[in-house]
Amino acid sequence: MQLLTRANVSSSPSRRPESNPFKQECHGHNNADNSLFRSKSDVAIELTNVSKSYGDKVVVDQLSFTIASGECFGLLGPNGAGKSTVSRLVLGMAPPDEGTITVLGEPVPARARLARSRIGVVPQFDTLDREFTARENLLVFGRYFGLRTRELEAAIPSLLEFARLESKADVPVAELSGGMKRRLTLACALINDPQLLILDEPTTGLDPHARHLIWERLRSLLARGKTILLTTHFMEEADRLCDRLCVIEHGRKIVEGRPHALIDEQIGCDVIEIYGGNPRELISVVGPYAQRVEVSGETLFCYASDPEQVRVQLRGQTGLRLLQRPPNLEDVFLRLTGREMKD
Amino acid sequence: MWKRYAAVLPANPWNWVAVWRRNYMAWKKAAIASILGNLAEPMTSLFGLGFGLGAMVGGVDGIPYVAFLAAGMVATSAMISATFETIHATFARMHAKRTWESALCTQLTLGDIILGELAWAASKALLAGTAMMLVAATIGYASWPSVLFALPVIALTGFAFASLAMIVTALAPSYDYFIFYQTLFLTPMLFLSGAVFPVTQLPDIFQQLSHLLPLAHSIELIRPAMLDRPGGSVGLHISALCIYAVVPFFLSVELLRRRLMC
Ligand SMILES: Nc1ncnc2c1ncn2[C@@H]1O[C@H](COP(=O)(O)OP(=O)(O)OP(=O)(O)O)[C@@H](O)[C@H]1O
Ligand SMILES: [Mg+2]
């Protein structure tokens, strides 16, 4: 059933999946969506002018954002942008040099422990206990939250089922595949029935099936009212799951907003991807007919409100492959963090 | 600064139990090997050293050498067991296996985790010390029931040495550094604490020094208990061990906070 809906959604990447019935209807059109936050208790995470340096390297730079309860908030940015550091700051695993952090109403890091008791974490790198089986991992992790063995034994089968690991319950973690480990990590993150999930690249390294399974699971968690802070490098993932997202680079916020608002603002026209030729030579051919061109690797991205014009220019050139499509978050990401930014 | 330290101290008196239980669960899987190892070790030291050296030495303070040595070996095995658990197994859980990292994502504080690890190391020390005592008892060198007083002392000894080793664990960049702790601290302590020969054999200055050593205090408590003799300054020895258990613990929490939570 869910597989069918999913297939429909993925066939039209530019359309948002059906909206979450638990979410407030007031998702507005602009980025500074203050109406989201009706009162203090509606705020899951608030960062105000947070900075963090290691040595003389500034890793998080005057970063501020607010995540509403029940919202899925995406944190995007190139490698080394500071995303995982933000997760550590939010969990109170590292103190900020400057600024204030409030998570689930608790000041962090001072009272981070109380916040963490209501948070589930999927770290970027698995920290599963290789000395134990899947079931034992859940048991040990649940005890860390002060849960009783009897409660845990009652909850573990449904979590294993949630992660589709029923048949692997008694298999040592060392013998699980990467995707199974990731699903087990997600199950562990849910052991304390958290209000807030902090997911650092939950689907990196997974095959498409496993990734779709996790997306479906995350969507059902959002439907149950959970808040998610999601770090990802998959723009499709961000587009499908996130209500709002924030792109950071060098620890600084570049933009923040709803995925489709960002696509409209930053791109706003169709894209033609051209490969098979020398991108630098092609720029001079199509450049005058496009609003913007961008080279990424061997591909020329051509942003044009009149794509026909561009196609006409390329007629007759052999060996080129053209793909015309609506703009997506990947274009936004490339534009914001790509060559243009650095020049 | 103080606020950050307060936030990582043990959150309550029972949180550490979850960490202890994790280690116990992992240990249970290889419990037989561990127990056999704990029994084999006293056999070699007591029979090898005790009877070999004993034949040459004769008696010490009016008792057979093996009887004298047995108490020293009980304390020493607690020391070694707690130390090795902390600098090897705990270091691995903190460093390579990332076990602590997952625990730090929960409602546990760093202090809870460290306390659980220390309690676990003390439990293993109790196991090792008790195995040594059992072997001594079977060959008739532990008097019943006074030997029971030695049990809490063994656990306390284990806790104190785990606590000291936790500082080394907090500071060591890699396993290679542990050898310094062993050769510069543990081995001299073995000879200065009256484990294998009486402290009175030492030059005066070393005799003074031995009053500072936790192993010496431990042996001063365990030996009378095993030989059913009246022990002196029990309060002093217990207090000394408690100081070695508590002060390094609080210090290691701060050192590990700086190392892991930066
Ligand atoms: N403990 C640390 N000590 C020194 N530098 C650090 C530490 N942790 C992170 N950094 C540096 O901070 C920067 C940001 O790292 P971070 O892991 O937050 O990036 P990221 O956005 O998660 O990257 P990725 O997408 O590759 O996971 C990097 O340059 C990294 O080298
Ligand atoms: Mg990261």
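What you see is a predicted model; the values in this text were computed from it and never measured. Proteins come first, then strands; the chains are lettered A, B, ... in the order of their sequence lines, and each starts at number 1.
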Residues of residues 92-106 of chain B contacting chain A, heavy-atom criterion under 4.5 Å, by residue number: B:Lys97, B:Arg98, B:Thr99, B:Glu101, B:Ser102, B:Ala103, B:Leu104, B:Cys105, B:Thr106
Per-residue contacts, residues 242-262 of chain B versus chain A, heavy atoms under 4.5 Å: B:Leu260, B:Met261, B:Cys262
Engaged part of A:Ile191 at the chain B interface, taking heavy atoms whose separation is under 4.5 Å: neither
Neighbours of chain A found in residues 115-134 of chain B - heavy atoms under 4.5 Å: none
A:Ser87 versus chain B, the contacting section by heavy-atom distance below 4.5 Å: neither
Residue pair A:Ala110 / B:Ala7: nearest heavy atoms and the distance that separates them: O-CB, 3.6 Å
Under 4.5 Å from a heavy atom of chain B, the part of A:Arg111 involved: neither
Between A:Lys52, A:Arg143, A:Arg88, the one whose heavy-atom pairs under 4.5 Å with chain B are most numerous: A:Arg143
Atom OH of B:Tyr177 with >12 non-hydrogen neighbours under 6.0 angstrom: no
CG on B:Asn15 to OH on A:Tyr144, rounded to 0.5 Å: 11.5 Å
Portion of A:Asp126 that has a non-hydrogen atom of chain B nearer than 4.5 angstrom: backbone
Greater than 12 external heavy atoms within 6.0 Å of B:Phe149's CZ: no
Approximate separation, where rounding is to 0.5 Å, of B:Gln107 CD and A:Arg116 CZ: 8.5 Å
Positions in residues 17-24 of chain B that reach chain A, provided some heavy atom is under 4.5 Å away: B:Ala18, B:Val19, B:Arg21, B:Arg22
Euclidean distance, A:Glu136 CD relative to B:Met25 CE, rounded to 0.5 Å: 4.0 Å
B:Phe180 atom CZ, over 12 foreign heavy atoms within 6.0 Å: no
